[in-house]
Amino acid sequence: VSGALLIGSVSDVIFPHIGAVLLNNDIHFHLPLIEETAQTMFFAIVGSFVGVITKTTKVPHLLHVFLSVFASLFYLLAFTSVFSAFYLFISFFIVFIAVIIPCCLSDIVFPLIFIKK
C-alpha cells in the first residue's frame, strides 16, 4: 500500500504540478494523501484487498494506468486559464512522463527491492 500511495502521488499530483508550473499556470498544490488522508487510505486499502483476494493483476493494473493518465491530465487541465493546441500537446507530453516514470519504478524497480538473491 505504501509504495502505491507514494508512487501514485508522484504520478498523479507531483509530476503534473511540476509540469503546470513549467507552463506558468497559477496552480494550487493539492496532495490528497495529506489533505484527505482517511479517504485516500481507505481506497488504497480496499484496492489492495481486492488485488489480494482476486489474485488478478492485469485488469486492475490496466485500470490503474488508465485512471492515472486521466488523473494527471485532469490535474493539468483543471487549473488552466488558456487552452490551445500547443498546451494540449505539451500536456500529453507531461502526462506521458508523469505516468511512464512512476509506472516503471513501481512495476520494475520497486519489486526488485524485495527480491532476495
Side-chain angles (χ1 to χ4, degrees):
V1 172
S2 62
L5 288 171
L6 293 175
I7 291 170
S9 295
V10 168
S11 175
D12 298 346
V13 178
I14 295 173
F15 277 178
H17 180 76
I18 292 169
V21 168
L22 293 175
L23 290 171
N24 291 325
N25 278 347
D26 183 25
I27 191 167
H28 168 72
F29 184 74
H30 169 73
L31 188 59
L33 186 58
I34 302 295
E35 295 177 15
E36 300 167 7
T37 306
Q39 184 178 4
T40 304
M41 292 298 292
F42 172 76
F43 285 111
I45 291 169
V46 168
S48 296
F49 278 126
V50 168
V52 169
I53 291 168
T54 62
K55 294 185 179 16
T56 59
T57 58
K58 290 181 182 171
V59 173
H61 189 259
L62 173 72
L63 182 62
H64 164 73
V65 172
F66 179 77
L67 290 174
S68 182
V69 165
F70 279 97
S72 300
L73 188 59
F74 288 150
Y75 188 88
L76 282 172
L77 296 178
F79 297 102
T80 185
S81 58
V82 178
F83 188 74
S84 66
F86 174 75
Y87 185 83
L88 184 63
F89 175 75
I90 295 299
S91 296
F92 280 116
F93 180 73
I94 291 169
V95 168
F96 180 78
I97 297 296
V99 173
I100 290 297
I101 291 174
C103 274
C104 288
L105 283 174
S106 70
D107 295 347
I108 299 168
V109 176
F110 196 69
L112 290 175
I113 294 171
F114 297 102
I115 292 178
K116 297 177 183 175
K117 293 184 179 185

Quiz item: Backbone N or O of V99 within a donor-acceptor pair of the S68 side chain at under 3.5 Å?
Solution: no
Quiz item: How far does CZ of F15 sit from CD1 of I101, to the nearest 0.5 angstrom?
Solution: 4.5 Å
Quiz item: What distance do F74 atom CZ and L67 atom CG have between them, rounded to the nearest 0.5 Å?
Solution: 10.0 Å
Practice problem: Could you tell me the separation between the CD1 atom of I18 and the CD1 atom of I97, rounded to the nearest 0.5 Å? | Solution: 12.0 Å
Practice problem: Might you point out which heavy atoms bring S91 and L73 nearest each other, and give the distance in Å? | Solution: CB-CD1, 4.1 Å
Quiz item: Do V52 and L63 belong together in a cluster built from hydrophobic side chains that touch within less than 4.5 Å?
Solution: no
Quiz item: Hey, mind stepping through F66 and F70 against ring-ring contact (aromatic ring centres under 6.0 Å, His included) and telling me if it holds?
Solution: CA-CA 7 Å; F66 179 77; F70 279 97; 4.9 Å; yes
Self-check item: Nearest-0.5 Å distance that lies between atom CD in E36 and atom CE in M41
Solution: 14.0 Å
Practice problem: Hey, could you give me the CZ/CD1 distance between F89 and I94, rounded to the nearest 0.5 Å? | Solution: 10.5 Å
Quiz item: Any side-chain heavy atom of L31 within less than 4.5 Å of one from F29?
Solution: yes
Exercise. Applying side-chain contact (heavy atoms from CB on, under 4.5 Å), run through Y87 and N25 and close with a yes or a no.
Key: CA-CA 11 Å; Y87 185 83; N25 278 347; 2.8 Å; yes
